[in-house]
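Okay, so here's the structure we're looking at.
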Amino acid sequence: MSFLAAPAPLFRVRFSLAKLSLVSISLCAAGLVGCGNSSSSGGAKSSGGVVASGGMSGSAGTAGLAAGTGGETATTSGTIAAGGTTVITGGAGGTVATAGGKPGGTNGAGGATAGAGGTSPGAGGKTGAAGGATGPGGTTGETGGTSGGLGGKTVATGGAAGTSSAGGSPGSGGTADGGSSGSCGASDTNLPAEPTIPPACTTLQATQSVAAGALPNETSLDTSAIQKALNGCASGQAVKLTTSGANNAFITGPLTLPAGVTLWVDAGTTLYATRDTKVWGSASELISVSGANSGIVGDGIIDGQGGEPNVGSSQSWWDQNAGSSGNSPALISVRGATKFTLYRITLHNSPKFHVKLGAAGFVVWGVTIKAPSKATNSAGTALNYSNAHNTDGIDPGEAASDGFIVCSKISTGDDHIAIKGSSSTGVKNVIVAHNRFGAGHGMSIGSEFTGGVSDVKVYDLSIDGQNMGTSGGSSNGIRIKSDSSRGGLVNNVTYSDICVRNLSNPILLTPKYSSSTGSSIPQYTNIKISNFHGLSAGSNTPKVTLDGYDASHLNSVTLDNVIIDGISAANVTASYTNVTLGPGDVNFTPSGASVTVTDSKSGTSTPNPCTNKWVSF
């Protein structure tokens, strides 16, 4: 990566951590606290259930730090968990646990045991547990220690009465994620090193105080100040947007990110897009990116206000998108770039697509995307996933290649990811790993790929339709879609370790996405789906579609250990496809026009348990 190493304060935090660990070891040797595990393996079950030896009555918990110092350094570097250094969990036998933060808690394991003799939490047990939970990022603790974390958002909770900690069992990322480090993707050898945040060339302080759910003032924009700072920043450095007292927001019109420069939106800070269409002019995105080695990073939010009425109008961008593709702008558009990085940022409510990504070499890591981000807009209109029209999450398109989308959370009103290969070179060599999706139209390829899509790997993915209020064509899992007006060849795509829940279309391959016709015939070859489990946990009836275009353009699909709960033969549709089943079990058999099935199943197999695959949105 082009980003520089973490700034110097990080090393002081690490040195402090080391000293605190030595103190904990000395207390243990002296018999003043229980000698529990000092850290979990990040994915293995905590051994905290063992009765602590020599434990006192929770004195360690009261001595624990509820929220350590050095959080800012951690947020800046991305290598030490934001929100603290070390928490000594409560109760005799409580161990030293590193509170997770956003991203990369170094050892995201919780307190292993609590209570004198493992029978009660002890006087300090409650305090120790609360200390671990208060680290920033703790709101996603259910996906952290249990899973290696999404972007390392891990919070270790103190074990109560000798029970296992919340960070004990493997989850998000499974064995492929390598939970031993407590940081999502840390031990996945398919991935590059986790990005870091470069040093700031300039820090701009927020100009407005905007309460949650309120609108920023449109009378004075920050566009000029931000653009001036970006233009004046040296390559390899960042313009940092941060809070100032009660002020927590900026508001801007379209911006251009120069080559080599990073925009850093700090924790607690929101950069709002203006709702004044006159300010947008002919711009097709809020932030335009081209050139090499640029990035958008930080633990703050960029909010496109897509569901809010535009200035001087009763209609929002999303209203304009309804019933058509609309002409609303994207939040971020990357064109003709190389080595682009999107790291840890949260994106809300884009007017249309959140990220249009055309780059040769890109890393998207630890990003959160949500639209809508609130239940109603300022006019009192209800907002939901169904009216957040055309708000795709991330669309690697046109000439995107050699990229990674990892450890991210996406819940939106259209495709979670849509890979689009509409240029002459198409899209190739993309890895999508360790991601968690909520509402949306699927992990999609298409609908346009006249230049082709090839060599894509998708693994350790969950798509959760539970309690999302979506169904039918808005409730998809794996999806490849196109028609003869904009199709092409999709080849060598693998999906493995995939869990979906309460989806109408867990698997959907269609060459007739629309009624448009032409000579660009879609064809899907060497598509492999393995260790896939579709859980039925709601009102949606699952359907599988494996359709090819015609006898001259046969698809080829392999299904290996693919189990879809509640699937019936009547809800399996197939045509013009060569299907191979096995060696793992498949609980349905496709049939239809020009469908051939090769049964290579070898006995029974265990369905993917989907342990720790589900997160909250």
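- Nearest heavy atom pair, residue Gly185 against residue Cys407, reads N-SG, 3.9 Å.
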Could you go through residues 570-585 and list every donor-acceptor pair under 3.5 Å that involves a side-chain atom there, pairing it with any protein atom two or more places apart or in another chain?
| from | atom 1 | to | atom 2 | distance (Å) |
| --- | --- | --- | --- | --- |
| Asn571 | ND2 | Ser568 | OG | 3.2 |
| Ser575 | OG | Asp547 | OD1 | 3.0 |
| Thr577 | OG1 | Leu546 | O | 3.2 |
| Thr577 | OG1 | Ser575 | O | 2.8 |
| Asn578 | OD1 | Thr596 | OG1 | 2.5 |

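- Between Leu461 atom CG and Ser408 atom OG the span is 11.5 Å, to the nearest 0.5 Å.
- Residue Asn587 holds its CG atom at 9.5 Å from OG of Ser605, rounded to the nearest 0.5 Å.
- The main-chain N or O of Gly487 is never found under 3.5 Å from a side-chain atom of Thr450 such that the two would form a donor-acceptor pair.
- Looking at every heavy atom in both residues, Ala283 comes nearest to Pro254 through CB-CG, 3.5 Å.
- Pro329 approaches Pro351 most closely through the heavy-atom pair O-CB, 3.2 Å.
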Give every donor-acceptor pair under 3.5 Å between a side-chain atom in residues 463-470 and any protein atom, sequence neighbours left out.
| from | atom 1 | to | atom 2 | distance (Å) |
| --- | --- | --- | --- | --- |
| Asp464 | OD1 | Gln466 | N | 3.0 |
| Asp464 | OD1 | Arg501 | NE | 3.0 |
| Asp464 | OD2 | Arg501 | NH2 | 2.7 |
| Gln466 | NE2 | Ala537 | O | 2.9 |

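- In terms of modelled atom types and a separation under 3.5 Å, the side chain of Asn505 and the main chain of Gly472 share a donor-acceptor contact.
- Atom NZ of Lys457 has 12 or fewer neighbouring heavy atoms from other residues, nucleotides or ligands inside a 6.0 Å radius.
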* To do: Please lay out, stage by stage, how Leu509 and Ile507 fare under the test side-chain contact (heavy atoms from CB on, under 4.5 Å).
  => CA-CA 7 Å; Leu509 276 58; Ile507 301 173; 3.9 Å; yes
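- Side-chain contact between Trp264 and Pro198 is absent, with no heavy atoms from C-beta onward closer than 4.5 Å.
- Side-chain contact between Ile417 and Pro396 is present, with heavy atoms from C-beta onward closer than 4.5 Å.
- The main-chain N or O of Asn390 is never found under 3.5 Å from a side-chain atom of Trp318 such that the two would form a donor-acceptor pair.
- Legend: disulfide (SG to SG under 2.5 Å) pairs involving residues 551-598, not counting sequence neighbours: none detected.
- Every pair passing disulfide (SG to SG under 2.5 Å) that includes a residue from residues 428-547 is listed here, sequence neighbours excluded: Cys499-Cys610.
- No donor-acceptor pair under 3.5 Å is formed between the side chain of His348 and the backbone N or O of Gly304.
- Under a 3.5 Å cut-off, the side chain of Asp414 and the backbone N or O of His441 do not form any donor-acceptor pair.
- The stretch residues 526-586 participates, sequence neighbours left out, in no disulfide (SG to SG under 2.5 Å) pair at all.
- Taking 4.5 Å as the limit, some side-chain heavy atom of Thr517 sits within range of a side-chain heavy atom of Ser484.
- Scanning both residues, Ile529 and Ile478, for their nearest heavy atoms gives CG2-CD1, 4.2 Å.
- Counting only distance, with no hydrogens or angles, the side chain of Tyr549 and the backbone of Ile521 share no donor-acceptor pair below 3.5 Å.
- With rounding to the nearest 0.5 angstrom, the CG atom of Leu347 is 8.0 Å from the CD1 atom of Ile296.
- Checked for salt-bridge contact, Asp415 and Lys481 meet the test: a charged N lies under 4.0 Å from a carboxylate O.
- Classified by interplanar angle (parallel below 30°, tilted 30° to 60°, perpendicular above 60°), the ring pair Phe437/His416 is parallel.
- Contact of the Tyr459 side chain with the Asn190 side chain is registered, since non-hydrogen atoms from C-beta on lie closer than 4.5 Å.
- No side-chain donor-acceptor contact under 3.5 Å links Ser422 and Arg486.
- A distance-only check finds no donor-acceptor pair linking the side chain of Thr412 to the backbone of Gly393 [under 3.5 Å].
- Side-chain polar atoms of Ser471 and Asn540 form no donor-acceptor pair below 3.5 angstrom.
- Looking only at distances, a side-chain donor or acceptor of Gln523 sits under 3.5 Å from a matching main-chain atom of Leu554.
- The two atoms that bring Thr262 and Ser294 nearest to each other are OG1-C, 4.4 Å, heavy atoms only.
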* To do: Take Asp483 and Ser514, measure what side chain to side chain donor-acceptor pair (under 3.5 Å) needs, and give me the verdict at the end.
  => CA-CA 6 Å; Asp483 57 52; Ser514 79; 2.5 Å; yes
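- Using a 4.5 Å heavy-atom threshold, the side chains of Val265 and Ile345 count as touching.
- Arg436 and Asp460 are joined by a salt bridge, as a carboxylate oxygen and a charged side-chain nitrogen come within less than 4.0 angstrom of each other.
- Listed for the Ser328 side chain is no donor-acceptor partner under 3.5 Å among the backbone atoms of Asn321.
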* To do: Kindly indicate, with the supporting measurements, whether the criterion side-chain contact (heavy atoms from CB on, under 4.5 Å) is fulfilled by Phe362 and Leu357.
  => CA-CA 9 Å; Phe362 61 86; Leu357 187 51; 3.4 Å; yes
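- Here the shortest heavy-atom pairing between Cys184 and Trp365 reads O-CZ2, 3.4 Å.
- Interatomic distance, CD1 of Ile332 versus CG of Leu263, reported as 8.5 Å (0.5 Å rounding).
- Note: Ile302 CD1 to Asn349 CG = 12.5 Å, rounded to the nearest 0.5 Å.
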* To do: Apply the test side-chain contact (heavy atoms from CB on, under 4.5 Å) to residues Lys613 and His533: give CA-CA distance (whole Å), side-chain angles for both, the deciding distance (0.1 Å), then the verdict.
  => CA-CA 11 Å; Lys613 279 288 198 282; His533 193 178; over 6 Å; no
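- Judged purely by distance below 3.5 Å, without hydrogens or angles, the side chains of Asn608 and Asn561 never pair a donor atom with an acceptor atom.
- Partners of Lys356 by side chain to side chain donor-acceptor pair (under 3.5 Å), not counting sequence neighbours: none found.
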* **Derivation of the side-chain contact (heavy atoms from CB on, under 4.5 Å) call for Ser284 and Arg335** => CA-CA 12 Å; Ser284 56; Arg335 299 187 190 90; 3.0 Å; yes
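- Side-chain atoms of Asn526 and Asn492 include no donor-acceptor pair closer than 3.5 Å.
- Interatomic distance, Asp188 CG to Ile431 CD1, rounded to the nearest 0.5 Å: 7.5 Å.
- Within the 3.5 Å criterion, the main-chain N or O of Ile480 finds no donor-acceptor partner in the side chain of Tyr513.
- Here the side chains of Asn435 and Met443 are not in contact, with every heavy-atom distance at 4.5 Å or above.
- In this structure the side chain of Tyr385 never reaches within 4.5 angstrom of the side chain of Thr391, judged on heavy atoms.
- Residues Thr598 and Ser600 have side chains that never bring a donor and an acceptor to within less than 3.5 angstrom of each other.
- The side-chain tip of Lys409 points at the ring of Phe617 from less than 6.0 angstrom away and within 45° of straight on.
- Considering only heavy atoms from C-beta on, Phe532 stays 4.5 Å or farther from Leu559 through its side chain.
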